[in-house]
Amino acid sequence: MTRPIVIAVDGTAASGKGTLARRLAAHFHFAHLDSGSLYRLTALRILRAHGDLRDEVAAVASARAVVPADAGRYDLRGREIAEGASVVAAIPGVRAELLAWQQHFARDPGAAGAVIDGRDIGTVVCPDATAKLFVDAAPELRARRRRLELEAAGEPASEAAILAEIGARDARDRNRAVAPLLRAPDAALLDTSDLDIDAAFAAALALVRPRIEEALAARQRG
Ligand code: DC
């Protein structure tokens, strides 16, 4: 079997990693997986049933019932779902349920390669990824970008409240016992604080392109 070609894009909340991952996938004609959507779907099911996000049995059952294709059927971007996703993501059994599917996607993405964004892709899901990025930006700038996004989506919110939310989410994601948010030692750090999205994409591409082109060429050679 040919070795999978994977770009792992990890990073902090609202760092722009999702947009970068989508653009990298489009550039290389790779398949894209937003792994956060799996945790968001897990939380959504519990919230809809008015369940307790911290109830391990309910959360694991919810993760087991996740149908990844459902990510396109629901609006998962809301603040309550983001917060809930971070809560269920700290439960080891939930992560175990979602791990196999992500690794299957990496091996068999239905394209020449895969781009997966999340928190633990380069450390746990695909430690052998072809290229790894860790995306970050100053918290105040992430909060401003998220406020503008929410405003554009007709969901105005205070920047201070968003700043507090993403700070709490990062702290929870960083401090959990299993698969915490962490830069893999071999991940290239991309700080997008001073970059607009086009400049951030150009920087991301420059960081991953040599490895991806080499892997694609090696595959062609057989
Ligand atoms: O990337 P996102 O904002 O959609 O992720 C929502 C939450 O899901 C995030 O706060 C933590 C969790 N998550 C995770 O623990 N591991 C991943 N690979 C992706 C997301």
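Order of listing sets the numbers, starting from 1, for every ligand and every atom in it.
Considering backbone and side-chain N/O of Ser37, none are found under 3.5 Å from N/O of ligand 1. Checked against a 3.5 angstrom limit, the closest N/O atoms of Asp117 and ligand 1 fall outside it. Backbone and side-chain nitrogen or oxygen atoms of Asp34 are examined, and none is located within less than 3.5 angstrom of a nitrogen or oxygen of ligand 1. At a 3.5 angstrom cut-off on N or O pairs, Asp173 counts as close to ligand 1. At under 3.5 Å, a nitrogen or oxygen of Arg119, whether backbone or side chain, sits near a nitrogen or oxygen of ligand 1.
Between Ala111 and His29 the shortest heavy-atom distance is CB-O, 3.8 Å. Scanning all heavy atoms of the two residues, the minimum distance from Ser15 to Thr12 falls at OG-O, 2.9 Å. The minimum heavy-atom distance between Ala8 and Ile121, with the atom names listed, is CB-CG2, 3.6 Å. Between Arg95 and Ala89, the shortest heavy-atom contact is NH1-O, 2.8 Å. Shown here for Leu76 and Ile81, the closest heavy-atom pair between the two residues is O-CG2, 3.7 Å.
Less than 4.0 angstrom separates some heavy atom of Gly118 from each of these atoms of ligand 1: 17 (C), 18 (N), 19 (C). Near Gly36, meaning under 4.0 Å from one of its heavy atoms, ligand 1 places the atoms 4 (O), 5 (O), 19 (C), 20 (C). Applying the 4.0 Å criterion to heavy atoms of Ser86 picks out, from ligand 1, the atoms 7 (C), 10 (O). Atoms of ligand 1 lying under 4.0 Å from any heavy atom of Lys17, numbered from 1 in the order shown and given with element: 1 (O). Applying the 4.0 Å criterion to heavy atoms of Ala89 picks out, from ligand 1, the atoms 12 (C), 15 (O).
Nearest protein neighbour of atom 7 (C) of ligand 1, counting heavy atoms only, is Ala85 CB, 3.6 Å. Of the protein's heavy atoms, Arg40 NE, 2.6 Å lies nearest to atom 4 (O) of ligand 1. At the top of the distance list for atom 16 (N) of ligand 1, counting protein heavy atoms only, stands Arg95 NH2, 3.0 Å. Summary of contacts: the protein heavy atom closest to atom 6 (C) of ligand 1 is Arg169 NH1, 3.5 Å. Closest protein heavy atom to atom 19 (C) of ligand 1: Ser35 OG, 3.3 Å. Ranking protein heavy atoms by distance to atom 8 (O) of ligand 1, first place goes to Tyr39 CB, 3.6 Å.
Residue Arg172 places every heavy atom at 4.0 Å or more from ligand 1. Using a 4.0 Å cutoff on heavy atoms, Arg176 counts as a contact of ligand 1.
Arg145 and Thr19 form no side-chain donor-acceptor contact under 3.5 Å, judged by distance and modelled atom types alone.
For residues 46-67, every residue pair satisfying the salt bridge (charged side-chain N to carboxylate O under 4.0 Å, His left out) rule, not counting sequence neighbours, is listed here: Arg64-Glu97.
The side-chain hydrogen bond (donor to acceptor under 3.5 Å, both in side chains) check on Arg147 picks up Glu151, Glu159, with sequence neighbours excluded.
Under the 3.5 Å distance criterion, the side-chain polar atoms of Asp10 are left unmatched by any main-chain donor or acceptor of Arg183. Side chain of Arg172 to main chain of Ser86: no donor-acceptor pair is present (N/O by atom type, distance under 3.5 Å, no hydrogens or angles).
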